[in-house]
Q: 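Take a look at the following structure, please.
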Protein chains: 2
Amino acid sequence: MNDTKPLPPISAAVALFTIREQLEFLRLEGERSRLPTASIDEGETLEACARRALREAAGIEDVFLEQLYTFDGDRDGPRVVVAYYALAPCDRLQIRRPGVGWADPAHASDLAREDRVIVQRACERLAGKLEYAPIAYQFLADRFTLGELQTVYEIIGRQELDKRNFRRRMRASSCLVETRDLRRNGSHRPARLYRLRDTQPAFAG
Amino acid sequence: MNDTKPLPPISAAVALFTIREQLEFLRLEGERSRLPTASIDEGETLEACARRALREAAGIEDVFLEQLYTFDGDRDGPRVVVAYYALAPCDRLQIRRPGVGWADPAHASDLAREDRVIVQRACERLAGKLEYAPIAYQFLADRFTLGELQTVYEIIGRQELDKRNFRRRMRASSCLVETRDLRRNGSHRPARLYRLRDTQPAFAG
DNA sequence: ACGGCTTCGTGTCATTCATACACTGACGCT
DNA sequence: AGCGTCAGTGTATGAATGACACGAAGCCGT
């Protein structure tokens with residue numbers, strides 16, 4: 001490929017989160033685990049590069065992706081690393097590759113130092129944005145129950161919430177649309193399904 | 001030196017804000033005005049590069065600086081631009097260079113398109129962070145009056161505030177320390193001076 | 001068919017927080 | 001002495017938040 005060109009100067013790293021029982025992130029296992037990372041190609045945007053990192057490492061596509069922070073590379077790594085975080089519901093992520101798995105962000109100690117910082121800052125960003133941006137919905141399917149939504153809030157915000165107060169808040173925010181359907185899930189009362197309101201349908205006709 | 005090396009791949013751009021009568025940003029005037037920008041040097045951190053851009057363009061040092069966003073460069077510019085915003089009180093900025101001046105962020109239409117986006121996003125970020133981060137103080141001297149502080153909040157938040165409610169809020173936040181001194185400023189009652197409470201260093205890293 | 005288990009879904013009251021609002025105080029100037 | 005100007009203070013009302021307990025609906029096992 002290239003001869004004595006120095007290490008690639010720009011790369012993108014992605015911390016992909018999902019919620020199964022708890023919040024987890026995608027990790028490439030090895031002696032030292034790593035986040036999916038790719039060096040930027042000629043003519044490629046940063047976001048495309050980040051998506052490619054996910055695709056090449058784990059075959060994952062079409063996730064919510066946002067820029068997190070840009071780091072000066074560490075000593076022997078790439079010069080500059082643009083970190084992204086990605087969110088997706090776990091049932092859309094079927095990973096059947098060796099060496100790719102999920103880990104608890106709280107015990108990410110076997111990650112390279114810089115990747116650990118990325119994961120940690122992404123968690124903080126998530127908790128911060130939870131209150132004013134519709135990120136919780138990125139962990140859920142198109143239609144979801146209020147119970148599921150509350151669980152997401154509790155896991156990301158790291159605190160239990162009162163069910164009735166939570167529902168009141170969600171209704172007041174008028175982000176939700178009630179559907180006509182219910183979800184039967186076990187030997188108990190079915191739950192109503194909601195979906196996220198389409199942000200501004202604007203005017204029709 | 002090097003033969004067909006492409007344009008420098010990484011640069012830092014800085015939108016430096018201050019408050020005089022209104023919020024203003026520093027601009028390098030020309031046919032097309034530009035923000036201070038520098039290409040990264042070997043072994044230089046991104047932040048150092050951003051500070052150098054300010055120093056070289058306008059002789060400005062020691063300002064509050066935070067990363068804003070990383071952009072894919074536009075067609076003919078550098079490949080990747082890491083944008084920063086900087087804040088400083090106007091009396092610490094004596095600019096005596098031709099071609100360097102202040103402009104109103106709301107009417108930045110003669111800026112290059114990408115720089116315009118940077119200025120606009122920085123303004124939004126400022127307004128957003130105003131409520132939960134001590135950025136307002138970056139526009140003031142070490143010691144300041146509550147009236148000055150309120151003016152900063154009003155300008156960045158773009159809305160007038162009630163004096164008594166504002167003061168109550170500031171006191172409740174317990175970010176302020178009352179000093180023993182007053183500032184005599186004109187033909188009226190002097191105002192008490194306050195300073196920002198030293199925040200606990202907590203953890204570094 | 002009945003009772004038991006599990007999750008879904010709902011309302012009220014108390015407290016806290018946010019908002020609106022008007023006058024006196026200190027100083028300098030004339 | 002009076003005026004202009006900004007500094008500084010408290011209260012009353014409505015809004016948002018937090019705490020809290022029980023019936024409803026479905027399934028299962030007997």
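Each chain gets a letter, A, B and so on, in the order the sequences are listed, and its residues count up from 1.
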Q: Give one of base, sugar-phosphate or nothing for A:R171, where a contact means two heavy atoms less than 4.0 Å apart.
A: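 Sugar-phosphate, no base atom in range.
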Q: Reading DNA chain D 5' to 3', which nucleotide is the first, and which the last, to come under 4.0 Å of any heavy atom in chain B?
A: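 Reading along DNA chain D, I get D:dG4 to D:dT11.
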Q: Apply side chain to side chain donor-acceptor pair (under 3.5 Å) to A:S33 and list each qualifying residue two or more places apart in sequence or on a separate chain.
A: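 Expected list: A:D110.
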Q: Of all residues at least two apart in sequence or in a different chain, which pass the side chain to side chain contact (heavy atoms under 4.5 Å, CB included) check with A:R192?
A: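 For A:R192 the side chain to side chain contact (heavy atoms under 4.5 Å, CB included) partners, ignoring immediate neighbours, are A:E178, A:L182, A:Y194.
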Q: By salt bridge (charged side-chain N to carboxylate O under 4.0 Å, His left out), which residues pair with A:R169, not counting sequence neighbours?
A: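 By the salt bridge (charged side-chain N to carboxylate O under 4.0 Å, His left out) rule, A:R169 matches A:E131.
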Q: Can a donor-acceptor pair be found, under 3.5 Å and without considering hydrogens, that links the side chain of A:R184 to the backbone of A:R189?
A: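 Looks like no, no N/O pair under 3.5 Å.
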Q: For nucleotides 20-30 of chain C, just jot down a letter per nucleotide in 5' to 3' order: B, S or -, based on protein non-hydrogen atoms under 4.0 Å.
A: BBB--BBBS--
Q: So with a 6.0 Å cut-off around CG of B:D91, is the heavy-atom count from everything else above 12?
A: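 Yes, CG of B:D91 has more than 12 neighbouring heavy atoms, counting only those of other groups under 6.0 Å.
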Q: Are side-chain heavy atoms of B:F25 and B:P105 found at a separation under 4.5 Å?
A: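 Answer yes - side chains close enough.
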Q: Separation of B:R167 atom CZ from C:dT19 atom P, in whole Å?
A: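 Computing the B:R167:CZ to C:dT19:P distance gives 17 Å.
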Q: Under 3.5 Å, is there a donor-acceptor pair linking the side chains of A:Y85 and A:E66?
A: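 Note: A:Y85 and A:E66 side chains meet the donor-acceptor criterion.
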Q: Between B:F166 (CZ) and C:dC17 (P), how many Å, whole number?
A: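 B:F166 atom CZ is separated from C:dC17 atom P by 18 Å.
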Q: Applying the side-chain contact (heavy atoms from CB on, under 4.5 Å) test to A:D115, which of A:R27, A:Q120, A:R34 qualifies?
A: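 Option passing the side-chain contact (heavy atoms from CB on, under 4.5 Å) with A:D115: A:R34.
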Q: When you look at CZ of B:R197, are more than 12 heavy atoms from neighbouring residues, nucleotides or ligands closer to it than 6.0 Å?
A: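 For B:R197, atom CZ is crowded (more than 12 foreign heavy atoms under 6.0 Å).
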Q: Which ones in residues 133-157 of chain B lie close to DNA chain C, meaning a heavy atom under 4.0 Å from one of its atoms?
A: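 Contacts with DNA chain C under 4.0 Å: none.
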Q: Any side-chain to backbone donor/acceptor pair from A:D41 onto A:E44? Under 3.5 Å, distance only.
A: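 Not at all, since once roles are kept as given, no pair shorter than 3.5 Å links the two residues.
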